Amino acid sequence: MAQGFLALGDSYTIGEGITQEGRWPVQLAAALRDEGLDVAAPRIIATTGWTTAELDAGIDAAHAQSPIRTDHALVSLLAGVNDQYRGLDTDGFRNRFAALLRRAAGFAGGDMARVVVLAIPDWGVTPFAFAQGRDRALVGAQIDAFNAICHDEAARAGAHWVDIGPISRQRGGETDMLADDGLHPSAAMYALWTALALPAARLALEGRRTP
């Protein structure tokens, strides 16, 4: 039986504006299979616009509809951009993110070494942000603050950390790296994320922590 993969998140995990095949969790599962690892297609629990609180509620709703297994070999978590976008405070975010990490591990038999956390990308470099007249430096500083919390909590818990932040800033404004809305990543950008996440995902499948 193929090893289970659960992906938790928001628009970046569901792949807003692109095909299902382009979503980074789908690309990651395919990359792992290309390496000979028996990984199932990911079950994705994510919706565009979800905050961490809404993701938590969404997990409950998804579980009520179809029970979520507790023996996943790999669980990913990418959440927080909508908390930042809506101006929610970082103290509350820390508590909510830590709780989501614990839930993620619970779906992997309680093994935090099977959890992979991705950083929040910097949407401030996108055409969408420019069109809205957003202060790029301010958005970037806020994203950094939220990512510092994500990193701290992942490290404290023993989850894997994948920093896709730099590549999102370097290439996140390029046309071919964006979906048609000028905000969300394209399949090409998600391929870059997949390459960064692949080493951590390999370790997670083995239940090993990052060296």
Side-chain angles (χ1 to χ4, degrees), residues 1-10 12-14 23-33 35-47 50-83 88 90-120 146-164 193-194 196-211:
M1 183 178 178
Q3 300 181 91
F5 176 14
L6 176 67
L8 307 173
D10 48 42
Y12 295 126
T13 295
I14 200 64
R23 298 169 178 170
W24 74 261
V26 175
Q27 292 194 50
L28 179 59
L32 290 166
R33 286 193 294 271
E35 294 192 349
L37 298 167
D38 190 15
V39 180
R43 178 175 180 180
I44 297 177
I45 300 176
T47 293
W50 269 357
T51 61
T52 47
E54 289 163 343
L55 171 57
D56 191 53
I59 292 170
D60 290 338
H63 183 68
Q65 185 175 17
S66 177
I68 304 170
R69 291 166 45 188
T70 58
D71 62 348
H72 290 88
L74 172 62
V75 181
S76 67
L77 176 62
L78 169 50
V81 69
N82 294 298
D83 297 64
L88 302 182
T90 52
D91 287 341
F93 173 73
R94 182 182 291 277
N95 293 332
R96 293 189 299 275
F97 191 82
L100 281 172
L101 266 175
R102 292 191 293 272
R103 294 201 77 177
F107 296 127
D111 190 353
M112 194 64 76
R114 295 188 180 276
V115 178
V116 175
V117 177
L118 269 69
I120 304 165
F146 276 77
N147 271 332
I149 292 170
C150 295
H151 178 265
D152 286 351
E153 292 303 322
R156 189 193 318 275
H160 298 276
W161 172 253
V162 179
D163 191 2
I164 56 86
W193 294 14
T194 295
L196 291 172
L198 189 56
R202 285 194 213 101
L203 291 173
L205 286 174
E206 299 171 0
R208 293 196 291 148
R209 301 192 188 281
T210 301

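Computed from a prediction, not measured in an experiment: that's the story for all the values here.
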At their closest point, which heavy atom of Ala79 faces which heavy atom of Phe97, and how far apart are they?
-> O-CE1, 3.9 Å
Once the angle between the rings of Phe5 and Trp24 is folded into 0 to 90°, is it parallel (under 30°), tilted (30 to 60°) or perpendicular (over 60°)?
-> tilted
For side chain to side chain contact (heavy atoms under 4.5 Å, CB included), just list the numbers for Leu78 and Trp193, CA-CA rounded to whole Å, side-chain angles, deciding distance to a tenth of an Å, and then say yes or no.
-> CA-CA 12 Å; Leu78 169 50; Trp193 294 14; 3.8 Å; yes
Does the side chain of Arg94 come within less than 4.5 Å of Asp152's, by heavy atoms?
-> yes
Interatomic distance, CZ@Phe93 vs OG1@Thr51, rounded to 0.5 Å, equals 10.0 Å
Of all the heavy-atom pairs spanning Ala2 and Ala40, show the shortest one and how long it is.
-> CB-N, 3.6 Å
Report yes if some heavy atom in the side chain of Arg103 is under 4.5 Å from a heavy atom in the side chain of Asp60; otherwise report no.
-> yes
Within the side chain of His72, is there an N or O that forms a donor-acceptor pair under 3.5 Å with the backbone of Gly4?
-> no
Does any non-hydrogen side-chain atom of Ser66 lie less than 4.5 Å from one of Arg43?
-> yes
By side-chain contact (heavy atoms from CB on, under 4.5 Å) - contacts of Ala155 (at least two apart) = none
Closest non-hydrogen atom pair, Gly58 against Ile45 = O-CG2, 4.1 Å
Between Ala200 and His160, the two heavy atoms sitting closest are CB-CB, 3.9 Å
Quick one: CZ on Arg96 to CD on Glu153, what's the gap to the nearest 0.5 Å?
-> 12.5 Å
State the CG-CG distance between Asp111 and Asp71, to the nearest 0.5 angstrom.
-> 12.0 Å
Gap separating the CG atom of Leu77 from the CG atom of Leu118, nearest 0.5 angstrom | 9.0 Å
Residues forming a salt bridge (Lys or Arg N to Asp or Glu O under 4.0 Å) with Asp38, sequence neighbours excluded | none
Go through Ile14 and Arg23 one step at a time and tell me if the side chain to side chain contact (heavy atoms under 4.5 Å, CB included) criterion holds.
-> CA-CA 7 Å; Ile14 200 64; Arg23 298 169 178 170; 3.9 Å; yes
Heavy-atom pair of closest approach, residues Phe146 and Gly80 | CD2-O, 4.1 Å
Nearest heavy-atom pair of Ala204 and Leu74: which atoms, and what distance?
-> CB-CD1, 3.7 Å
What distance separates Glu206 CD from Arg114 CZ, expressed to the nearest 0.5 Å?
-> 9.0 Å
Let me see the working for Leu8 and Val75 under side chain to side chain contact (heavy atoms under 4.5 Å, CB included), right down to the final yes or no.
-> CA-CA 8 Å; Leu8 307 173; Val75 181; 4.1 Å; yes
Give, for atom CG of Leu100 and atom CG of Leu55, the distance between the pair rounded to the nearest 0.5 Å.
-> 5.0 Å
Pairs touching residues 196-205 that satisfy side chain to side chain donor-acceptor pair (under 3.5 Å), sequence neighbours left out | Glu35-Arg202
